[in-house]
Structures are given as structure tokens and as C-alpha cells.
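Fair warning: this is a prediction, and the values are worked out from it, not measured in the lab. All heavy atoms count here, side chains included; hydrogens, waters and symmetry mates do not.
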Amino acid sequence: MRRTVFDAELVAFRATIRAFIEAEVVPSFGRWYQDGLVPREFYYRLGDLGVFGLEVPVEFGGAGRDSLAYRGVLAEEIARAAVSFGGAGAHLGRCLPLITALATPAQQARWLPGIVSGDTMLALAVAEPGTGTEPEGMRTTAPLTAEGSYVLNGSKTYVIGGVHADRVIVCARTAPPRPDDPSYGLSLLVVDTSAAGFLVGRRLDTWGRKVGGTAELTFTDVRVPATDLLGDPHRAAAHLAAQLPQQRLNIALGAYARAKAAIRFARDHTRDRLPVARPVAAVQHSKFELAGCRAEVDAIEAVIDRALAAHDSAALDPAHAASAELFATETATRVIDRCLQLHGGAGYLTDSPIARLYADHRVNRLQGGDTSDTLRTVIATDMGL
């Protein structure tokens with residue numbers, strides 16, 4: 001069935017990305033995986049390819065596209081090869097939308113050209129050790145001084161892309177909370193990682209997404225110019241919440257991509273595996289398992305394509321985005337697990353593509369504070385429950 005969300009330009013973009021992955025990522029990915037990090041130079045290649053500029057206005061070196069379908073193509077091609085672009089996912093999916101939505105014209109002129117080229121890699125730092133992303137637990141502070149700069153102190157954890165980041169969007173308390181609003185006083189600061197007092201601490205060894213460059217960050221009297229405040233002061237929670245529909249759709253796109261790729265790997269493996277006189281794929285149980293997985297992935301595809309169309313027409317609300325993410329991530333979990341099962345013992349090897357998909361997908365049901373139960377709460381509230 002032809003997907004109506006993909007036009008000829010997206011088909012050409014897919015061919016370009018697939019060729020790039022096969023030529024420049026697949027041959028090196030085993031080494032990157034062992035190192036737990038992609039090389040910094042890789043991000044320059046993504047910049048040269050135009051990946052970081054897809055949704056950036058033309059005047060800043062971007063392509064000016066306004067559809068998330070390009071991100072869907074990226075997710076599908078990355079999963080198809082069972083590789084990763086490291087911290088580029090957070091740079092493109094979490095940070096760049098904040099810059100394009102909130103930065104002033106002067107800030108965009110300063111930051112976007114480097115962001116597009118890969119010279120300025122971004123990371124987002126919200127969660128804190130022991131307290132996560134809850135506003136009540138935010139201890140990182142950044143009071144504004146009389147001379148016009150914020151003084152940042154504190155620490156952040158689970159910062160994807162933190163190892164290579166040149167600028168980090170930090171959520172910090174710039175004013176005390178209000179009794180009726182614990183999120184008041186939180187602001188977003190775009191912090192230069194070369195500033196004195198900024199330290200990349202422990203590199204976190206994650207179970208999946210091994211090359212993401214995830215790290216802990218600490219700040220000791222880091223001076224941040226007032227001109228590097230992103231958005232309105234004291235409204236970080238509202239700014240982050242405004243990005244939730246797009247964030248949820250991004251996660252759903254990734255879940256679909258991995259589930260689709262898992263079926264391909266399982267199909268190919270069962271065709272080649274010969275434990276008896278005929279391939280495993282010839283056994284009725286294997287056929288039925290893969291057919292069932294295919295039906296579930298077709299259903300995810302229908303859900304995300306509807307959500308993509310809604311997003312591109314500015315009609316995707318938080319609850320429907322939550323529904324798409326919940327369905328896609330929960331269904332993909334079942335599909336990937338069943339596909340791994342069809343691999344037998346080979347699916348449990350760390351260098352197996354299906355094992356990488358399994359590990360990389362698991363975080364989708366808990367990342368960014370948007371756990372499956374949080375999504376259910378959002379949907380239930382929208383239903384008036």
C-alpha cells in the first residue's frame with residue numbers, strides 16, 4: 001500500500017540517506033559501538049549532507065522544510081541498518097525545535113548556521129540526579145546578577161549528546177517557585193560548553209543507544225550572558241510542554257521504524273536458518289508469527305501517518321500525540337520481542353542487529369518523563385476521566 005505522506009522528494013531523500021548509511025556508517029559502526037561513541041567528525045558529515053538543516057529557514061543555511069516526514073525517513077533508514085547517529089537525534093529532535101520556536105532573530109542568526117553545519121552540536125539538560133525532571137526537585141540554579149549574566153550552579157544527568165555538545169540547553173531555576181506553581185522560576189539557558197566552570201562528568205554506559213554520548217554535566221559558577229536566555233524567563237516548563245506533541249510523534253516514528261526493521265531481520269534470519277531439513281521460515285508457526293507482526297506494524301504505520309498529517313497541518317494536540325506514542329511504543333515492544341525470539345540464541349548476541357534494536361527501543365517507553373503510564377494519564381484526562 002502506497003503511503004500518501006511520502007512524495008517524490010522524500011523518496012529521493014530516502015535514497016540519499018540509505019546510500020550514505022551503507023557507505024559511511026555501516027562499515028564503521030562496529031568500532032563506534034565498541035567505543036560507545038561516534039566520532040565528532042561524523043556530525044560534520046551530517047551537516048554537509050543537509051540533515052541538520054531540514055527544518056531550518058533558508059536564510060540560515062537550511063532547507064526550510066516544515067514536515068516531520070523527513071525525520072520519519074531518517075528513523076526508518078537508521079533502523080533498517082541497525083545503526084545510530086549518536087547524539088544527532090537529540091540535536092535534531094529535541095533541541096533544534098526549541099531554537100526555531102523560541103530564539104530571537106538575533107539568536108537565530110548567531111546559532112543556526114553552526115547548528116546546520118554541525119559545528120555547533122546541541123544537547124538538552126533537564127533531568128537531575130535523584131529527582132528526574134520534576135520541577136519540585138530542580139536544584140540547579142542560575143540567578144541573574146546586576147551586571148546582566150546568569151550564574152549557573154548544579155548538575156544534570158541523562159544528557160544525550162552531552163559528551164560532544166558545543167551548546168547545552170539547560171533548564172535551571174532563575175527565580176523561586178510560587179506556592180501554587182512549582183514550575184515557575186525555571187528558565188532555559190543556552191550554555192556554551194567552553195565556559196569556565198562547565199564540566200562533562202561521568203559518561204553514562206547505557207544498555208541501549210550505546211553511541212549516544214550520554215553524560216552527566218556539572219556547573220560551577222558558569223557565567224551565562226543574559227542574551228543566551230532562550231524564550232521567556234521563568235517559563236521553561238511551558239516552553240518544554242509546547243514541544244510535547246512533536247516529541248511524542250518523534251518517538252512514535254522511531255518505534256515504528258525499529259518494529260519494521262525487526263520484521264525484516266527476522267524474515268531474513270528465518271529464511272537462512274536451517275535447524276532441520278527446511279528453513280525456519282517454512283514452519284507454519286514462524287509464518288504466523290511474522291504475519292502477525294506485519295499486521296501490527298501496518299497498524300502502527302496507519303496511526304503515525306495520521307499523526308504526521310495532523311502535525312503538518314498544525315492540528316496534532318498533546319493527547320492524540322500521546323495516543324500515537326503509546327500505541328506505537330507498546331506495539332513495537334511486542335513486535336521486536338517476537339522477532340528476537342525467532343532468531344533463537346543468535347538474537348541474544350550483542351552484535352546482532354535485532355539485539356541492538358531491542359535495546360535501543362526499550363528507552364522509548366520511559367524517556368523524557370513521558371512513561372507509558374504518563375501517556376495513559378494524558379489520554380484519560382482528555383477523555384474526561
Side-chain angles (χ1 to χ4, degrees), residues 1 3 14 17-18 21-22 25-26 29-30 33 71-85 89 206-212 249-305 307 324-367 371-372 375:
M1 187 183 302
R3 299 175 69 186
R14 182 187 297 278
I17 293 299
R18 184 174 296 183
I21 290 173
E22 290 175 353
V25 180
V26 171
F29 191 73
Y33 195 79
R71 300 234 204 117
V73 169
L74 274 173
E76 289 174 30
E77 292 306 310
I78 290 168
R80 181 181 182 273
V83 296
S84 169
F85 281 5
T206 53
W207 176 46
R209 307 197 184 182
K210 302 285 287 185
V211 299
L249 179 52
N250 270 329
I251 293 172
L253 290 170
Y256 164 74
R258 292 187 184 92
K260 182 179 179 181
I263 293 175
R264 176 172 169 265
F265 288 127
R267 181 201 63 196
D268 293 349
H269 181 80
T270 54
R271 280 176 176 171
D272 296 338
R273 187 177 169 208
L274 294 165
V276 286
R278 53 183 177 161
V280 171
V283 178
Q284 187 180 63
H285 171 74
S286 300
K287 292 180 180 179
F288 284 4
E289 279 289 280
L290 287 170
C293 288
R294 162 71 182 272
E296 293 204 89
V297 170
D298 284 348
I300 303 175
E301 182 181 286
V303 168
I304 65 163
D305 283 0
E325 180 186 348
L326 179 66
F327 181 75
T329 54
E330 294 282 328
T331 306
T333 297
R334 292 195 301 271
V335 168
I336 298 170
D337 184 76
R338 287 157 69 186
C339 288
L340 188 149
Q341 192 75 13
L342 287 170
H343 279 72
Y348 201 62
L349 302 176
T350 56
D351 62 350
S352 166
I354 191 68
R356 290 203 297 267
L357 287 179
Y358 186 98
D360 288 353
H361 171 73
R362 185 58 183 87
V363 74
N364 280 340
R365 292 168 55 208
L366 52 86
Q367 70 184 57
T371 66
S372 294
L375 298 174

Is there a side-chain contact between V303 and Y256 in this structure, where contact means two heavy atoms from C-beta onward sitting under 4.5 Å apart? no

Using side-chain heavy atoms (C-beta onward) and a distance below 4.5 Å, is L253 in contact with L249? yes

Output all residues satisfying side chain to side chain donor-acceptor pair (under 3.5 Å) with [X], sequence neighbours left out; order by chain, then residue number.
{"X": "N364", "answer": "R209, H361"}
{"X": "D298", "answer": "R294"}
{"X": "S84", "answer": "none"}
{"X": "R18", "answer": "E77"}

Please enumerate all residues that pass side chain to side chain contact (heavy atoms under 4.5 Å, CB included) together with [X], with sequence neighbours excluded.
{"X": "A79", "answer": "A257, R258, A261, L357"}
{"X": "S372", "answer": "L326, E330, R365, R376"}
{"X": "I78", "answer": "I21, V83, F85"}

Start with the C-alpha distance between E301 and K260, add both sets of side-chain angles, then the distance that settles salt bridge (charged side-chain N to carboxylate O under 4.0 Å, His left out), and finish with yes or no. CA-CA 9 Å; E301 182 181 286; K260 182 179 179 181; 5.1 Å; no

Verdict with reasoning, R71 to N250, per side chain to side chain contact (heavy atoms under 4.5 Å, CB included): CA-CA 8 Å; R71 300 234 204 117; N250 270 329; 2.5 Å; yes

Considering non-hydrogen atoms only, spot the tightest contact between [X] and [Y] and give its length.
{"X": "V297", "Y": "A259", "value": "CG2-CB, 3.8 Å"}
{"X": "A255", "Y": "A332", "value": "O-CB, 3.5 Å"}
{"X": "A81", "Y": "F265", "value": "C-CZ, 4.5 Å"}

Which value, rounded to the nearest 0.5 Å, describes the distance between [X] atom [atom1] and [Y] atom [atom2]?
{"X": "I300", "Y": "T331", "atom1": "CD1", "atom2": "OG1", "result": "5.0 Å"}
{"X": "C293", "Y": "R267", "atom1": "SG", "atom2": "CZ", "result": "13.0 Å"}
{"X": "I354", "Y": "H343", "atom1": "CD1", "atom2": "NE2", "result": "5.0 Å"}
{"X": "I251", "Y": "T329", "atom1": "CD1", "atom2": "OG1", "result": "8.0 Å"}
{"X": "T206", "Y": "R362", "atom1": "OG1", "atom2": "CZ", "result": "14.0 Å"}

Going by the salt bridge (charged side-chain N to carboxylate O under 4.0 Å, His left out) test, which pairs reach into residues 338-360, not counting sequence neighbours? E289-R338, E296-R338

Just say parallel, tilted or perpendicular for the rings of W207 and Y358, cut-offs at 30° and 60°. perpendicular

Indicate yes or no for a side-chain donor-acceptor contact from S352 to the backbone of Y348 under 3.5 Å, with no hydrogens or angles considered. no

